[in-house]
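The structure under discussion appears below in the form of structure tokens.
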Amino acid sequence: MVKFRERRGSINLITGATGFIGKSLLNYLIESGIHTVAAVRVKPNNWSIKCPLFEVGEIGPETNWSDVLIGIDSVIHTAARVHVMNDMSINPLLDFRRVNVEGTLNLARQAAKAGVKKFIFLSSIKVNGESTQKGKPFTDSDKPCPEDPYGISKYEAEEGLRLIARNTAMKVTIIRPVLVYGPGVKGNFLSLIQLQKMGFPLPLGAIRNSRSFISLDNLINFIELCLIHPAAGNQTFLVGDGEDISLTELLQLTASVMNIKSRLIPVPMGLIGLGARFLGREDLAKRLCSNLQIDITRTKELLGWTPPLSVKDGLKRACFNKAE
């Protein structure tokens, strides 16, 4: 474990530095000349990023952050127990709470005690809910309505962080991104890209829903802004690309940036839902076909932020660039 680091300007700590968001954010900040420290559960064998690195083990209510927090000015907490399909846990909510609630609040309390000035928490749009009515996007003033254990745990962590912010000098910024895509993306997003590359016909040519997304580059740009903007403290932000598109449009655009033919079969959404029920994949169909829109007007106005990448440019990065 690193015991010493040179102090030059403000120093940032990124947790979850091996993750999809954390690793890319770490690379970006270091390449930008911003002094950054990484915390990981276990150091990967292929770790090559040149920065102070701490192995903290499992994140939970007993994790000792005292050595890690020495000299730290800002914490960007991306580490979490993430939403997974087919979770085999006997009590998923308990497991999510241990890491995402108790682990987060334990870190935040120690950070405030250590004199950390700013704590940026990567939450989730799942705090707002799972879907919206078309044309009625989520806003940051909506009453939270999380439905699954992951979303509930993120909401409970947010509430605990707000209490810490009220009782300490540490400023807390909460970011609720929608689905993030970019180099190294996994899950359904990656599966759809791979199926299109293989020329596999998809029965998704008539999905007229409306969804918000955010590219990894836009999210990193926003996090960097929150590090330096004085108005970001003790605020909750919904972040997205600012362009809502349907699943069909997303797939057509993905095929276009990869310069391949879009093989989409216009199957009515009702038939897709019926087939999904028959195959026991209703949850997947709902995620693909439902609406989920956010309004980022306040986010843009309060911080003067404009997403630097369009959806098209973000998809180019996701389809052609490897993870950092």
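Computed from a prediction, not measured in an experiment: that's the story for all the values here. Each residue takes its place number in the sequence, starting with 1.
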Inset, instruction - Find out whether His77 and Thr104 are in side-chain contact, i.e. whether some heavy atom of one side chain is under 4.5 Å from a heavy atom of the other. - result: yes
Inset, instruction - Indicate whether any N or O donor in one side chain lies under 3.5 Å from an N or O acceptor in the other, for Ser210 and Gln293. - result: yes
Legend entry - Same cluster (ILVMFWY, side-chain, under 4.5 Å), Ile125 and Tyr155: no
Legend entry - Whether Thr248 side chain and Leu204 backbone form a donor-acceptor pair below 3.5 Å: yes
Legend entry - 4.5 Å side-chain heavy-atom contact, Val101 and Pro61: no
Legend entry - Residues, nucleotides or ligands: over 12 heavy atoms within 6.0 Å of Asn167 CG: yes
Legend entry - Check: Thr15 side chain, Thr78 main-chain N or O, donor-acceptor pair, under 3.5 Å: yes
Legend entry - Hydrophobic cluster membership, Leu309 vs Phe222, 4.5 Å side-chain cutoff: no
Legend entry - Shortest non-hydrogen contact between Val99 and Arg81, atoms and distance: CG1-N, 3.6 Å
Inset, instruction - Report yes or no: does Asp73 contribute a side-chain atom to a donor-acceptor pair with the main-chain N or O of Ile11 at less than 3.5 Å? - result: yes
Inset, instruction - Report yes or no: do Asn291 and Asn209 form a side-chain donor-acceptor pair below 3.5 Å? - result: no
Legend entry - Heavy-atom donor-acceptor pair, Glu156 side chain to Gly151 backbone, under 3.5 Å: no
Inset, instruction - In sequence, state the C-alpha distance, the side-chain angles, and the governing distance for Glu102 and Asn106, and then conclude on side-chain hydrogen bond (donor to acceptor under 3.5 Å, both in side chains). - result: CA-CA 6 Å; Glu102 297 170 27; Asn106 172 51; over 6 Å; no
Inset, instruction - Over all heavy atoms of both residues, which pair between Ala318 and Tyr181 is shortest? Give the atoms and the distance, please. - result: CB-CD1, 4.0 Å
Legend entry - Derivation and outcome, side-chain hydrogen bond (donor to acceptor under 3.5 Å, both in side chains), residues Arg298 and Ser141: CA-CA 10 Å; Arg298 179 178 171 276; Ser141 62; over 6 Å; no
Legend entry - Rounded distance [0.5 Å steps], CG in Leu93 versus CG in Asp148: 9.5 Å
Legend entry - Value rounded to 0.5 Å, distance of CG in Leu53 from NZ in Lys50: 12.0 Å
Legend entry - Ion pair check, Asp244 and Arg211, cut-off under 4.0 Å: no
Inset, instruction - Please assess Ile14 against Val37 for the test side chain to side chain contact (heavy atoms under 4.5 Å, CB included), listing each intermediate value before the final yes or no. - result: CA-CA 6 Å; Ile14 296 179; Val37 174; over 6 Å; no
Legend entry - Heavy-atom side-chain contact between Leu238 and Asp295 under 4.5 Å: no
Inset, instruction - Would you please test Gln196 and Met258 for side chain to side chain contact (heavy atoms under 4.5 Å, CB included) and show each step? - result: CA-CA 9 Å; Gln196 286 199 292; Met258 292 190 294; 4.1 Å; yes
Legend entry - Donor on one side chain, acceptor on other, Ser153 and Arg98, under 3.5 Å: no
Legend entry - Salt-bridge present (Glu55, Arg41; N to O < 4.0 Å): no
Legend entry - Sidechain-backbone polar pair: Trp65 side chain, Asp67 backbone, donor-acceptor under 3.5 Å: no
Inset, instruction - With rounding to the nearest 0.5 Å, note down the distance linking CD in Gln235 to CD1 in Ile175. - result: 12.0 Å
Inset, instruction - Could you grab the distance from atom NZ of Lys118 to atom CG of Asn234, nearest 0.5 Å is fine? - result: 9.5 Å
Inset, instruction - Check side-chain hydrogen bond (donor to acceptor under 3.5 Å, both in side chains) between Arg208 and all other residues, then give those that pass, not counting sequence neighbours. - result: none
Inset, instruction - Applying side chain to side chain contact (heavy atoms under 4.5 Å, CB included), run through Leu179 and Ile214 and close with a yes or a no. - result: CA-CA 6 Å; Leu179 189 149; Ile214 185 165; over 6 Å; no
Inset, instruction - Would you check if the side chain of Thr36 reaches a backbone N or O of Leu26 as a donor-acceptor pair within less than 3.5 Å? - result: no
Legend entry - Side-chain heavy-atom pair Leu315, Leu250 within 4.5 angstrom cut-off: yes
Inset, instruction - Please name the pair of heavy atoms, one in Trp47 and one in Ala38, separated by the smallest distance, quoted to 0.1 Å. - result: CZ2-CB, 4.3 Å
Legend entry - Side-chain heavy atoms of Leu292 within contact of Ser212, under 4.5 Å: no
Inset, instruction - Working to the nearest 0.5 Å, report the span between CD1 of Ile294 and CZ of Phe237. - result: 12.5 Å
Inset, instruction - Check whether the side chains of Ser24 and Asn27 place a donor and an acceptor atom closer than 3.5 Å, and report yes or no. - result: no
Inset, instruction - Give a yes or no on whether the backbone of Ala169 and the side-chain of Lys117 come within a donor-acceptor separation of less than 3.5 Å. - result: no
Legend entry - Under 3.5 Å: donor-acceptor pair, side chain of Asp241, backbone of Glu243: no
Legend entry - Sidechain-backbone polar pair: Asn221 side chain, Asp217 backbone, donor-acceptor under 3.5 Å: no
Inset, instruction - Measure across Pro149 and Phe96 and return the closest heavy-atom pair with its distance rounded to 0.1 Å. - result: CB-CD1, 3.4 Å
Legend entry - Under 3.5 Å: donor-acceptor pair, side chain of Ser124, backbone of Lys126: yes
Inset, instruction - For side chain to side chain contact (heavy atoms under 4.5 Å, CB included), just list the numbers for Val56 and Val68, CA-CA rounded to whole Å, side-chain angles, deciding distance to a tenth of an Å, and then say yes or no. - result: CA-CA 9 Å; Val56 297; Val68 188; 4.0 Å; yes
Legend entry - All salt bridge (charged side-chain N to carboxylate O under 4.0 Å, His left out) counterparts of Arg176, not counting sequence neighbours: Glu158
